[in-house]
Colleague: 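Have a look at this one before I ask anything.
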Amino acid sequence: MPHELPKAYDPTAIEDHWAEYWVKENLFAQATPEDKPGAAPFTILLPPPNVTGRLHMGHMLNQTEMDILTRWHRMKGRPSLWLPGTDHAGIATQMMVERQLTSEGKKRQDMGREAFVERVWEWKRHYGGAILDQMKRLGASVDWQREYFTMDERLSVAVREAFVKLYEQGLIYRGAYIVNWCPRCQTAISDLEVVYDEHKGHLWEIKYPVVDDAGKETGEFLTIATTRPETMLGDVAVAIHSADERYTHLHGKQLKLPLVGRVIPIITDDWVSLDFGTGAVKVTPAHDPNDFALGQRHDLPSINIMDGTAHINAEGGAYAGLDRFEARKKIVADLEALGLLVAVKDHVHNVGHCDRCKTIVEPRLSLQWFIKIQPLADKAIAAVKEGHIKFAPEMYEKTYLNWMENIHDWCISRQLWWGHRIPAWHCSTCHKITVSREDATKCAHCGAATITQETDVLDTWFSSGLLPVSVFGWPNLTPENRADFDAFYPTSLLVTGFDILFFWVARMIMLGCWFAEDVPLPDGSKRELKDSVPFRHVYIHALVRDANREKMSKTKGNVVDPIEVVQQYGTDAVRFTLASMASPGTDIAFNVARTEGYRAFANKIWNAARFIFMNVDKAAEAGIAVDQKTLGGMPVVAAYAPLEARWIVAELHATAGKVNQSLADYRYDDAANTIYQFFWGSFCDWYLEIVKLRLDFGETADKAVAGAALATLVQVFEAALRLLSPFMPFLTEELWHAVYDGEPPAKSIALTQYPKAAFADEDARKAMSLLQELIVEVRALRKEIGVEEKASVPIEVRTSAIDQQFITANSSIVERLARVSEVRFASEIAVGLSKHSTPEFDVAVVYEREIDVASDRSRLIKEIAEKEMHVANADRQLNDPGFTSKAPAKVIEGRKRQRDESQRVLDKLRSELAALPPA
RNA sequence: GGGCGGUUAGCUCAGUUGGUUAGAGCGCCUGCCUUACAAGCAGGAUGUCGGGGGUUCGAGUCCCUCACUGCCCACCA
C-alpha cells in the first residue's frame with residue numbers, strides 16, 4: 001500500500017483528528033494499579049484552572065511540561081495518572097456572573113442567594129468546560145474519566161470534614177480582626193490576595209488641639225501626619241514615642257478630634273518612629289492593622305466608620321454616606337478652612353489593591369474565620385527541611401521556607417455567595433456556634449432549633465489546598481474504597497508557576513501533611529510525615545513573557561493567545577518552542593520566530609518520512625519489506641554494517657540516553673535541543689544523504705545491501721519518532737501510524753516504549769567524524785575557489801596510511817556528499833593547489849581557478865595568528881611547574897595533544913603561506 | 001527595609017562538580033529550485049562572558065565589591 005503524504009506538513013489537517021481520537025479512545029485513562037504494581041505510579045495533578053478561565057500561554061507552558069513528563073513516564077512503563085479538574089474560583093466566578101447580571105440590569109442582591117447560586121451553576125454548566133476543551137485540543141494526555149470540579153459533592157465533603165476537624169482541634173477561630181477588605185467584591189481577602197502598587201500620594205499634616213481635663217482647648221496643638229485623612233473620623237488616640245523629647249510635656253494629655261469633637265488620649269508607644277512624619281500617629285484601630293495592634297495594647301475602643309462599600313457610615317456624622325475618597329477631599333477642605341491643615345507633602349507609598357478587581361483595599365475591622373496556622377506550618381516546614389518534598393529549581397525552597405516561617409493566621413472566610421459555605425450555625429438563643437459535618441438542625445449547646453447557618457463561604461484556596469487528598473477519596477477511606485489513595489498518594493510531582501507558590505503549593509503542603517498523617521499506610525502502619533506530603537517533587541516554572549520580555553497583560557494588549565499561535569504554526573511547534581526555552585529559573589520570552597523555526601522542524605521530519613515511505617514503496621515493488629517485528633525497540637547493527645548505519649544507531653542510543661537524563665532533571669530545553677540536533681543535524685543532514693547510496697532497488701542492485709539499509713533506516717526513524725513523541729505528539733502519532741501502514745502494534749505511539757540507551761559504538765562515531773570533517777573541508781574549499789555547485793571534481797588528500805585505507809573504503813560517501821569525482825592520495829599536496837589542513841589530513845581540490853592571492857593570504861595570516869596563540873598559550877601552561885605538578889594527568893595529556901595538533905597545523909599553514917606567489 | 005535572581009554573539013538563550021580553542025536557534029552575508037523538504041541545501045562572519053579586585057597551576061564557572069536590571073516578601077502612619 002503506498003504511503004501518500006502531502007509535500008508540506010499541515011498541522012491543521014491532522015491535529016483535530018488525533019486530539020479527538022485520544023479523548024474518544026480514552027487512551028490516557030489510568031486504572032488504579034493492582035496491589036503489587038510492577039512500577040511505582042507517576043501521579044501528577046493539573047493545577048485546576050478557574051472555570052472562568054481561558055487558556056493562556058502560562059497554562060500552555062505548564063501543560064506542555066506536564067504532558068511531556070507524563071507521556072515520558074507512561075512510555076517508560078509507569079502507570080501514569082495526570083488528573084484534571086477545574087476550580088470554582090469563588091471571587092472570579094461570582095464577578096463574572098455579576099457582570100452578566102449587570103448587563104441585564106439586575107443585581108444579585110435582588111435575586112437572593114439561592115437563585116444567584118443556581119445562576120452561577122447554570123453559567124458553569126454552560127461555559128465552565130471551555131478551558132478543558134482547549135486542553136483537549138492541545139492533546140494533554142490527562143485521564144478525562146477522573147475529571148473533577150472543586151464543588152463536586154465528594155470534594156465538598158472533604159472540605160467540610162477538613163473544616164470541622166480543624167475546628168475540633170481548636171485550630172479554627174472566629175473573631176473581629178482587621179482584615180483586608182475589598183469594597184467592590186465586598187468581602188474579606190487574605191494577605192496574599194492584596195497586591196501592592198507604588199502610588200504617588202500625599203502626607204497630610206493635621207493639627208489636633210490639646211485640651212485640658214475640663215475639655216477646654218489650651219491653645220496648643222499636636223500635629224499628626226497621615227496618608228488617609230478620612231480615617232480620622234475613627235481616631236481613638238494619638239500615639240507618640242515615649243522618648244520623643246518634643247512631646248514629653250504632652251504625656252497623659254488629651255486632644256479634641258477635629259470635625260468630630262471626640263476627646264481622645266495621647267498615648268506613648270515605642271512602635272512610633274521618631275523620624276517619620278511628625279512623630280505623632282493618629283490611632284484608628286478599626287482601619288489600620290498597626291493601629292489595631294496599638295489599640296489592643298492600650299485597650300482602646302475601635303470605631304468602624306465605613307460600611308462594606310467603603311462609604312462613611314453613621315459614625316462619620318456629617319460625612320456619612322460619602323465614598324471614602326469624596327470624604328477625604330471634603331475632610332481635607334474642611335480642615336483647611338478651619339486652619340488645622342498644616343501641610344500637604346508629596347509622599348510615595350505602597351497602596352494595596354484587590355488581586356481580583358484592582359480596587360484599593362480598605363483595612364477594616366470585621367468578624368471573620370481564621371485558621372491558627374502555626375501547627376500546620378510547622379509540619380510543612382519539617383516536610384521540606386527533612387527533604388520529603390524537593391523543589392526544582394532549588395532556590396524556591398528558600399522562598400517557601402521564608403514565607404512559611406513568617407506565616408500569619410489565614411483568614412478563610414469570604415463574604416461571597418459562590419463557594420463552600422462554612423458548616424457553622426449560629427444560635428440566636430444561646431449565641432453559641434455549632435460546627436457540624438451534617439447540616440445542623442438544632443444548637444449543639446442549648447438544643448434550640450433557632451439556628452441559622454453562617455453566611456460566609458470559604459476561601460477558594462481552602463478547597464484547592466485539599467485536592468491532593470480529596471481527589472483520591474479522603475475522607476471516606478474505607479478498606480474497600482481506598483485503593484486510589486493507596487496507589488496515588490503522595491503524588492509524584494507538582495508542576496506550577498511561582499505565582500501560586502504560597503496560594504496553593506504551600507497550602508497543599510500544610511493541609512496535605514496535616515490530614516494525610518491520619519490515614520494509615522496500606523499495611524495498616526502509621527503514616528509518617530515522609531508519606532503524608534501531598535507530592536514528592538515540585539517543579540516551578542517561569543513566566544511566559546512577550547518577545548520583548550514584557551509581562552503579558554490585557555491592558556498592554558501584548559497577550560499572545562496560544563490557540564491563535566497553535567492554529568498558525570501547529571500545536572507541536574508551539575509545544576516545542578515552550579519546551580526548548582524552558583530552562584529552569586528563567587522567564588520565557590515567547591517569540592513566534594522561534595515557533596516558525598520549529599514548524600520548519602516539524603516539516604523537516606514530515607519530509608524525512610515522505611522520503612522514507614517513498615523508499616519503502618520502491619522496495620516493496622522490488623519485493624523487499626521491512627519486518628515490522630523489528631520495530632518498536634532499540635535498533636542494533638552488526639559490526640560489519642556500513643559505517644553510516646553503525647554511526648546513526650550509536651547516535652540514536654546516545655541521544656536517547658541524553659534525553660532521558662535531561663527529562664529526569666526537568667531540562668526540557670536540553671532534551672528538546674538534543675532531539676532537534678539528532679533529527680535534523682545527524683539523521684537528516686548526514687544519515688539520509690549517505691543512505692541514499694544504498695537505497696538502490698533496481699534490477700542490478702545488491703538487494704541485501706539495500707534491504708539492510710532500509711531496515712536500519714526505518715528502525716531508527718521509528719525509534720526517533722517515539723523519542724520525539726512526548727514533545728510533538730500529533731506529528732509523531734500521524735507518522736508512526738503511517739510507518740505501520742494502518743496496522744500499528746498499539747492504539748497510539750503514546751502507548752509504546754520510550755527509547756533508551758543500550759548500545760554504544762565509539763569507533764563508528766570517531767570514524768564518521770573524520771569523514772564529516774573531510775567532507776566539510778572539501779565543501780569549504782570548493783566554495784573558496786569558486787567551483788560550480790554542480791561540478792564534480794577530484795580531490796587530493798595527504799594522510800596516514802590507515803586513514804587512507806579508511807577513506808578509500810568509504811570513498812563513495814565522500815564523492816556523493818562533497819561532489820568529488822575521485823579521491824587521490826599524495827605524499828605532498830601538489831604545489832599550486834589551495835589546501836586545507838587539519839591535524840589528521842591535508843586536502844585540496846583539483847580545479848583550475850583564478851587565484852585570489854590576497855584573500856588566501858589574509859585567511860592564512862588570520863589562521864596562523866590564531867594557531868600561534870593556541871600554541872603559545874599551551875606552551876606557557878605546559879612549562880608552568882604549577883600546572884604540570886597540580887593539574888590531573890588527563891588534563892595535561894589533553895593539553896599536550898592539543899598543542900601538538902595546533903603546532904602541526906601551524907607548520908602546514910606557514911608553508912602554505914610561504915608558497916603563495918608574491919602579491 | 002529584608003530576600004532571591006539576572007547581566008555570555010545583532011536578538012532570545014544554553015554553558016552541569018573550576019580543566020583543552022565558550023555553544024544553539026533566529027537574524028545577517030555568499031552560492032545553490034542537488035528528484036524528502038526553498039518551512040530547504042551548502043559555506044561564512046560575529047563575543048575584552050556587565051566593571052573592578054581576589055582565590056587558583058588554571059575562572060564565563062568560586063569569593064569580595066560596584067553598576068545596571070528583574071522578581072518575591074514586609075507595609076512607618
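In what follows, chains are A, B, ... by sequence order, proteins preceding strands, each numbered from 1.
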Colleague: Given that A:S580 and A:A600 both sit by RNA chain B, which one's nearest nucleotide is further toward the 5' end?
Modeller: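 Closest to the 5' end, via its nearest nucleotide, is A:S580.
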Colleague: What is the nucleic acid contact for A:V283, judged by heavy atoms within less than 4.0 Å: base, sugar-phosphate only, or nothing?
Modeller: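 Result for A:V283 = nothing.
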Colleague: Please measure how far the P atom in B:rG5 lies from the corresponding atom in B:rU46, and state the result in whole Å.
Modeller: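 Taking atom P in both B:rG5 and B:rU46, they lie 36 Å apart.
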Colleague: Looking at every strand, decide which applies to A:P289 at a 4.0 Å heavy-atom threshold: base, sugar-phosphate, or nothing.
Modeller: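 Answer is nothing: A:P289 stays at 4.0 Å or more from every strand.
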Colleague: Within residues 660-681 of chain A, find the residues that approach RNA chain B with a heavy atom at under 4.0 Å, and present them sorted by residue number.
Modeller: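 Within residues 660-681 of chain A, the residues near RNA chain B are A:R667, A:D670, A:Y676, A:W680.
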Colleague: Tell me what A:A608 touches on the nucleic acid: a base, only sugar-phosphate, or nothing, going by heavy atoms under 4.0 Å.
Modeller: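 Base, at least one base heavy atom under 4.0 Å.
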Colleague: In whole Å, measure the gap between the P atoms of B:rG50 and B:rA22 for me.
Modeller: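 Per the computed distance, 15 Å lies between those P atoms.
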Colleague: From the list B:rA77, B:rG19, B:rA39, which nucleotide is the closest neighbour of the side chain of A:N603?
Modeller: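 It is B:rA39.
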Colleague: Between B:rC71 and B:rU56, how far apart are the two C1' atoms, rounded to whole Å?
Modeller: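 Rounded to whole Å, the distance is 34 Å.
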Colleague: Could you check whether A:A780 gets within reach of a base, just the sugar-phosphate, or nothing at all, counting any heavy atom under 4.0 Å?
Modeller: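 Here A:A780 touches the backbone only, sparing every base.
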Colleague: Should we count CD of A:E405 as having more than 12 external heavy atoms under 6.0 Å?
Modeller: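 Yes.
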Colleague: Can you classify the ring geometry of A:F276 versus A:H347 as parallel (below 30°), tilted (30 to 60°) or perpendicular (above 60°)?
Modeller: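 Ring orientation of A:F276 relative to A:H347: perpendicular.
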Colleague: Hey, does the side-chain of A:E689 have a donor or acceptor N/O within less than 3.5 Å of a partner on the base of B:rA36?
Modeller: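 Under the 3.5 Å cut-off, the side chain and the base do form a donor-acceptor pair.
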Colleague: On a whole-Å scale, what distance lies between the C1' atoms belonging to B:rG27 and B:rG10?
Modeller: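 Result for the C1' pair: 7 Å, nearest Å.
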Colleague: Restricting to pairs with a member in residues 280-290 of chain A, which pass salt bridge (charged side-chain N to carboxylate O under 4.0 Å, His left out), not counting sequence neighbours?
Modeller: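 Only A:R228-A:D288, A:D235-A:K282 qualify under salt bridge (charged side-chain N to carboxylate O under 4.0 Å, His left out).
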Colleague: Students often get this wrong, so: under 4.0 angstrom with heavy atoms, is A:D685 touching a base, only sugar-phosphate, or nothing?
Modeller: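 It contacts sugar-phosphate atoms only.
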Colleague: Indicate whether OP1 or OP2 belonging to B:rC32 is found under 4.0 Å from a side-chain N or O atom of A:K783.
Modeller: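 No, no such contact exists.
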Colleague: Both distances under 3.5 Å, Watson-Crick or G-U wobble: report the partner of B:rG25, or none.
Modeller: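 Per the H-bond distance test, B:rC11.
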Colleague: Indicate whether the side chain of A:Q661 and that of A:D665 have a donor and an acceptor atom separated by less than 3.5 Å.
Modeller: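 A pair is found: one side chain offers a donor N or O, the other an acceptor, under 3.5 Å apart.
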Colleague: Base, sugar-phosphate alone, or nothing: which one does A:H287 contact when heavy atoms must sit under 4.0 Å apart?
Modeller: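 It contacts nothing in the nucleic acid.
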Colleague: Looking at A:D346 and A:K200, is any side-chain nitrogen of the basic one under 4.0 Å from a carboxylate oxygen of the acidic one?
Modeller: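 The answer is no: the pair does not qualify as a salt bridge.
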Colleague: Determine which nucleotide pairs with B:rA59, using a 3.5 Å limit on both distances of a Watson-Crick or G-U wobble pair.
Modeller: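 Paired with B:rA59, as far as the under-3.5 Å criterion goes, is no nucleotide at all.
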Colleague: Between A:F678 and A:F683, how do the two ring planes meet: parallel, tilted or perpendicular, split at 30° and 60°?
Modeller: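 The rings of A:F678 and A:F683 sit tilted, inter-plane angle from 30° to 60°.
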Colleague: Do A:S242 and A:D270 get their side chains close enough for a donor-acceptor pair, meaning under 3.5 Å?
Modeller: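 Result is yes, a qualifying pair exists.
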Colleague: Measure the acute angle between the ring planes of A:Y400 and A:F391, then classify it against the limits of 30° and 60° as parallel, tilted or perpendicular.
Modeller: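 Tilted, since the angle between the ring planes falls between 30° and 60°.
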Colleague: What's A:L501 touching, base or sugar-phosphate or nothing? Going by heavy atoms closer than 4.0 Å.
Modeller: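 The answer is nothing, as A:L501 stays clear of every strand by at least 4.0 Å.
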Colleague: Judged by modelled atom types alone, do A:S190 and A:E193 share a side-chain donor-acceptor pair under 3.5 Å?
Modeller: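 Side chains of A:S190 and A:E193: pair found under 3.5 Å.
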Colleague: Looking at every strand, decide which applies to A:S273 at a 4.0 Å heavy-atom threshold: base, sugar-phosphate, or nothing.
Modeller: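 The residue A:S273 makes base contact.
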Colleague: How many angstroms lie between atom CG of A:N660 and atom OG1 of A:T655, to the nearest 0.5 angstrom?
Modeller: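 One finds 11.0 Å between CG of A:N660 and OG1 of A:T655.
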Colleague: Using atom C1' of each nucleotide, how far apart are B:rC41 and B:rA36 to the nearest Å?
Modeller: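 Taking atom C1' in both B:rC41 and B:rA36, they lie 12 Å apart.
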Colleague: In this structure, how many angstroms lie between the C1' atom of B:rC4 and the CZ atom of A:F391, rounded?
Modeller: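 Interatomic distance, CZ of A:F391 to C1' of B:rC4: 14 Å.
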Colleague: Please give, in whole Å, the distance from B:rA74 P to A:W271 CH2?
Modeller: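 Atom CH2 in A:W271 sits about 17 Å away from atom P in B:rA74.
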Colleague: Is a side-chain donor-acceptor pair under 3.5 Å present for A:D197 with A:N350?
Modeller: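 Short answer, no.
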Colleague: NA contact type, A:R899, heavy-atom cut-off 4.0 Å: base, sugar-phosphate, or nothing?
Modeller: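 Answer is nothing: A:R899 stays at 4.0 Å or more from every strand.
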Colleague: Which protein N or O atoms sit under 3.5 Å from an N or O of nucleotides 33-35 of chain B?
Modeller:
residue: B:rU34; atom: O4'; partner: A:R819; partner atom: NH2; Å: 3.3

Colleague: If you assign A:Y9 and A:G277 each to the RNA chain B nucleotide with the nearest heavy atom, which residue ends up on the more 5' nucleotide?
Modeller: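 By nearest-heavy-atom nucleotide position, the 5'-most residue is A:Y9.
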Colleague: For A:F679 and A:F601, take the angle between the two ring planes, folded into 0 to 90°, and tell me which bin it lands in: parallel under 30, tilted 30 to 60, perpendicular over 60.
Modeller: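 Correct class here is perpendicular.
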Colleague: Can you tell me whether the side chain of A:N402 and the base of B:rC73 have a donor-acceptor pair closer than 3.5 Å?
Modeller: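 Counting by modelled atom types and ignoring angles, no donor-acceptor contact under 3.5 Å is found here.
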Colleague: Nearest of B:rU12, B:rA42, B:rU20 to any side-chain atom of A:R779?
Modeller: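 Looking only at heavy atoms from C-beta outward on A:R779, the closest nucleotide is B:rA42.
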Colleague: Using the C1' atoms only, state how far B:rA14 lies from B:rC26, rounded to an integer number of Å.
Modeller: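 Between the two C1' atoms, the distance is 14 Å.
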Colleague: Considering Watson-Crick and G-U wobble pairs with both distances under 3.5 Å, what does B:rC4 pair with?
Modeller: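 Across any shown strand, B:rC4 pairs with B:rG70.
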Colleague: Expressed in whole Å, how much space separates the C1' atoms belonging to B:rC49 and B:rA9?
Modeller: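 Between the two C1' atoms, the distance is 10 Å.
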Colleague: What is the base-pairing partner of B:rU16, counting Watson-Crick and G-U wobble geometry with both distances under 3.5 Å?
Modeller: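 Here B:rU16 is not engaged in any pair, so there is no nucleotide opposite it.
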Colleague: Under 3.5 Å for both donor-acceptor distances, Watson-Crick or wobble: does B:rC41 have a partner, and if so which one?
Modeller: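 Partner of B:rC41: B:rG31.
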Colleague: Between P on B:rG19 and CG on A:D880, what's the gap in Å once rounded to a whole number?
Modeller: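 After rounding, the gap between these two atoms is 18 Å.
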Colleague: Look at the side chain of A:K604 and the base of B:rC37, then say whether one donor and one acceptor between them are separated by less than 3.5 Å.
Modeller: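 Yes, the side chain and the base share a sub-3.5 Å donor-acceptor pair.
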Colleague: For the pair made of CD in A:E193 and P in B:rC73, what is the distance, rounded to whole Å?
Modeller: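 Result: 13 Å.
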Colleague: Using the side-chain heavy atoms of A:H347, tell me which of these nucleotides is nearest: B:rG25, B:rC75, B:rA77.
Modeller: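 Output: B:rA77.
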Colleague: Can you tell me, in whole Å, how much space there is between the P of B:rC11 and that of B:rC33?
Modeller: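 After rounding to an integer number of Å, I get 34 Å for this pair.
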